[in-house]
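Remember, it's 1-based here, ligands and their atoms both numbered in the order they're listed. A quick note: this is a predicted structure, and the numbers were derived from the prediction, not measured.
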Amino acid sequence: MSTASTSASAALLDRARRVTPGGVNSPVRAFRGVGGTPRFIASAKGPWMTDVDGNEYVDLICSWGPMILGHAHPDVERAVSEAASKGFSFGTPSENEVALAEEIVRRVEPVEQVRLVSSGTEATMSALRLARGFTGRTKVVKFAGCYHGHVDALLAQAGSGVATFALPDSAGVPESNAHDTIVLPYNDIPALQAAFVEHGDEIACVITEASPGNMGVVPPAEGFTAALRRVTRDHGALLISDEVMTGFRCSQAGWFGLEGPQGDGVPDLFTFGKVMGGGFPAAAFGGRADIMSRLAPDGPVYQAGTLSGNPVATAAGLATLQGCTPDVYGRLEVAARAIAAAASEELDKAGVPHVVQWAGSMFSVFFRDRPVRNYDDAKAQDTEAFGRFFHGMLDQGVHLPPSAYEAWFVSASHDDAAVSKVIDALPGAVRAVTEGSR
Ligand SMILES: *Cc1c(COP(=O)(O)O)cnc(C)c1O
């Protein structure tokens with residue numbers, strides 16, 4: 001059991017619960033998947049986080065991706081301070097937003113234009129509206145286990161079977177809304193084809209995570225992205241590639257940079273967030289100019305935001321993207337491979353079934369004996385074993401994402417000292433897994 005004191009975190013959680021549901025502002029932070037007291041972080045620098053009790057952790061959450069350069073990177077801090085010294089928000093156009101849009105367009109070849117928003121949820125919600133406005137159709141296809149933010153139409157999850165009209169996965173989402181969402185199993189080309197045979201002329205778009213990371217890391221099987229491109233094009237539907245998590249993380253051009261055009265084509269629209277905000281609320285959707293030009297004020301699809309393109313957030317995002325050099329991607333790769341190899345070795349030694357899956361330097365460890373190709377596979381993992389492993393690591397100063405369904409994130413600041421601390425914690429965490437299972 002934990003020897004670290006958590007009394008200050010526990011006291012803050014008590015205070016928080018009185019004024020905020022569950023004491024948190026985003027559910028996964030509450031540790032419901034792993035039990036125990038969430039750690040309130042007081043400060044962070046590079047790969048390290050310090051909680052309000054003074055415990056130090058190597059951070060393998062990295063704010064769920066954005067802190068790709070490490071916490072409080074000096075270049076980003078400077079850009080933020082400089083921007084903030086000139087005012088926080090104008091409600092008029094400003095230069096930083098142009099520069100950030102240019103940087104995104106420069107990196108991701110098929111993206112001709114972007115619109116900036118403040119969260120990944122807003123990006124996918126707006127891309128969906130645009131796809132519906134552009135095609136004049138209403139139905140959308142999504143895949144079970146893919147998360148696209150908490151957009152009503154996209155919270156629907158898997159009904160089993162092909163082309164099942166989904167029931168809402170969250171209370172408060174009207175059935176009338178979920179009714180237009182078709183949920184399919186991921187990596188299942190026949191299911192995709194069958195849905196289009198039945199509803200092809202009603203489907204506005206298919207939205208998919210470029211390489212899913214929200215059921216753990218489950219990359220597209222050979223030929224799956226190509227099939228998505230082919231089937232959508234054949235039926236006049238748009239393909240939206242959600243790169244909120246993978247964008248600018250898997251490579252300089254995100255997952256698209258690794259996979260390239262597929263099935264003789266590229267996605268029509270992309271969504272971005274996380275890394276491109278550098279830890280601040282900035283996100284985007286973009287793609288072909290003929291589609292993007294349907295947005296107001298050029299076109300009839302309305303979309304707006306008081307803080308969209310905020311000068312401080314865009315300064316942070318731009319400095320972060322400019323810092324994402326080939327060298328940075330090399331360092332992510334080295335740190336991630338070292339951690340994953342050591343974890344796998346320790347688990348092997350103890351005979352604990354597991355698989356490690358990758359998307360660039362993004363990876364996750366599933367406590368399961370077979371590869372995970374879709375959400376049903378992901379749900380078959382041993383989440384209790386993960387919970388014991390998680391706490392074994394946390395007790396030794398390594399903060400993993402508090403859920404078996406999440407990727408592990410490293411930053412370019414994860415140096416030898418940080419990686420060694422993770423590796424040194426593994427034997428104890430694996431012992432917690434095996435001893436707990438007796
Ligand atoms: C995080 C995420 C979102 C939602 O972004 P928020 O900024 O949390 O609204 C959407 N899609 C994917 C793939 C994500 O990982």
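- Between L347 and F367 the shortest heavy-atom distance is CD2-CE2, 3.7 Å.
- Geometric assessment of K379 against the ring of Y375 yields a positive cation-pi assignment under the 6.0 Å and 45° thresholds.
- To the nearest 0.5 Å, atoms CG (D242) and CZ (F285) are separated by 13.0 Å.
- Contact residues for ligand 1 (protein heavy atom closer than 4.0 angstrom to any ligand atom): S119, G120, T121, Y147, H148, G149, E209, N214, D242, V244, M245, K274.
- No hydrogens or angles considered: nothing links the side chains of R129 and Q303 as a donor-acceptor pair under 3.5 Å.
- Using modelled atom types, one finds a donor on one side chain and an acceptor on the other under 3.5 Å when comparing T225 with E259.
- With sequence neighbours excluded, the residues that form a ring pair (Phe, Tyr, Trp, His ring centres under 6.0 Å) with H235 are F196.
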